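Since we're looking at a predicted model, the values are computed, not measured. Just so it is clear: chains get the letters A, B, ... in the order the sequence lines come, proteins before strands, and each one is counted from 1.
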Amino acid sequence: MPTQIPERVCVEWHLNFVAEIRNGVVERSYFTERDVEETIFSEFSEELVKRLRRYFKGREVDFRDVPVTYPTDFSGRVLEIVRGISFGKVRSYFDIANEVKTSPRAVGVAMKMNRVPVIVPCHRVVARNGIGGYSCGVGVKRMLLELEGVKM
DNA sequence: TCAATCCGAGCGG
DNA sequence: CCGCTCGGATTGA
């Protein structure tokens with residue numbers, strides 16, 4: 001029986017990376033300067049934090065099987081596609097937009113709505129002519145792409 | 001309605 | 001190569 005109390009994991013990197021979990025679902029993740037206290041009760045979170053630590057050491061880790069929540073129907077559709085982009089690869093807003101028959105701008109909106117950066121790798125979506133934006137800061141996006149060995 | 005978006009293309013210098 | 005403008009889909013107010 002999963003706990004009702006939210007769990008929290010914190011991984012050290014350039015900034016700390018925090019993920020909040022409830023009932024085996026990652027509900028939110030974010031970067032912060034602060035140190036955040038971890039609360040881990042479940043096997044699931046134990047496993048997740050191990051994988052995150054490996055990821056931030058630069059190892060290739062796949063988060064595709066991790067349950068997450070999507071804000072809206074549309075953004076969910078877009079973010080599902082984004083989850084399909086593998087470690088070290090990038091796609092453009094334009095490209096994704098064509099796949100879901102929408103506009104690049106709308107894809108940008110959907111990226112911004114992503115509750116769980118890194119787990120859903122929206123940093124792998126870049127502009128056609130540059131790195132594009134990132135709600136956690138473009139600097140963070142650059143560092144993540146560098147971590148994955150992507151040359152822009 | 002309307003403004004705000006992690007964009008892209010087109011145009012005039 | 002710049003900077004500006006506009007089309008554009010979606011969301012939340």
Side-chain angles (χ1 to χ4, degrees), chain A residues 4 6-36 38 44-45 48-152:
Chain A
Q4 308 303 89
E7 298 174 84
R8 194 178 294 110
V9 303
C10 182
V11 178
E12 288 181 27
W13 194 46
H14 300 271
L15 281 78
N16 288 331
F17 177 79
V18 179
E20 293 176 356
I21 304 104
R22 190 191 296 266
N23 296 328
V25 177
V26 183
E27 291 193 330
R28 196 163 86 96
S29 62
Y30 56 93
F31 291 91
T32 179
E33 312 248 354
R34 296 179 302 114
D35 279 318
V36 174
E38 289 193 320
F44 173 82
S45 299
L48 180 67
V49 72
K50 276 188 207 159
R51 289 162 69 179
L52 285 168
R53 279 198 247 278
R54 266 189 295 144
Y55 175 79
F56 283 109
K57 273 190 280 194
R59 304 275 302 283
E60 180 168 346
V61 178
D62 192 339
F63 295 107
R64 261 176 269 217
D65 58 317
V66 176
V68 300
T69 57
Y70 300 121
T72 66
D73 207 63
F74 171 80
S75 66
R77 253 166 48 230
V78 177
L79 291 168
E80 283 286 352
I81 291 171
V82 171
R83 293 197 92 175
I85 310 172
S86 48
F87 186 97
K89 307 277 186 183
V90 293
R91 289 182 70 183
S92 70
Y93 299 96
F94 183 86
D95 189 19
I96 307 272
N98 284 339
E99 184 165 336
V100 292
K101 298 278 178 281
T102 184
S103 76
R105 217 81 169 83
V107 172
V109 173
M111 294 305 99
K112 187 178 179 178
M113 295 176 75
N114 183 19
R115 292 268 81 102
V116 282
V118 176
I119 311 285
V120 173
C122 63
H123 60 279
R124 293 178 191 149
V125 183
V126 298
R128 240 179 173 187
N129 63 336
I131 190 164
Y134 197 59
S135 48
C136 307
V138 187
V140 175
K141 186 173 187 174
R142 241 189 285 279
M143 290 190 291
L144 287 169
L145 290 174
E146 189 180 351
L147 179 77
E148 299 190 12
V150 178
K151 291 272 173 274
M152 293 299 298

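When distances run from any side-chain atom of Lys112(A) to the nucleotides dC7(B), dC6(B), dT10(C), the shortest one goes to dC6(B).
At the heavy-atom level, Phe94(A) lies under 4.0 Å from the strands shown only through sugar-phosphate atoms. Across all strands, Gly108(A) comes closer than 4.0 Å only to sugar-phosphate atoms, never to a base (heavy-atom distances). Within 4.0 Å (heavy atoms only), Phe74(A) reaches sugar-phosphate atoms of the nucleic acid but no base atom.
Contact annotation: Arg105(A) side-chain N/O to dG8(C) OP1/OP2 distance is not under 4.0 Å. Under 4.0 angstrom from either OP1 or OP2 of dC6(B) there lies no side-chain N or O belonging to Ser135(A).
Taking the six-membered ring where tryptophan is involved, the planes of Tyr134(A) and His123(A) are perpendicular, since the angle between them exceeds 60° and thus also 30°.
Between Arg8(A) and Val36(A), the shortest heavy-atom contact is CD-CG1, 3.1 Å. When all heavy atoms of Val116(A) and Glu27(A) are compared, the pair lying nearest together is CG1-C, 3.9 Å.
Met113(A) places its CE atom 4 Å from the P atom of dG12(C), with the value rounded to the nearest Å. Residue Lys101(A) contributes atom NZ, which lies 17 Å from atom P of dG8(C) at whole-angstrom precision.
In this structure, Phe63(A) has its ring center under 6.0 Å from that of Tyr55(A).
Map Asp73(A) and Pro104(A) each onto its nearest nucleotide of DNA chain C; the residue landing nearer the 5' end is Pro104(A).
Side chains of Ile119(A) and Leu52(A) form a contact here, defined as non-hydrogen atoms less than 4.5 Å apart.
Secondary structure note: stems in DNA chain C built from 3 or more consecutive Watson-Crick or G-U wobble pairs under 3.5 Å occupy B:1-5 with C:9-13, B:7-13 with C:1-7.
More than 12 heavy atoms of other residues, nucleotides or ligands shown are found within 6.0 angstrom of CZ on Arg64(A).
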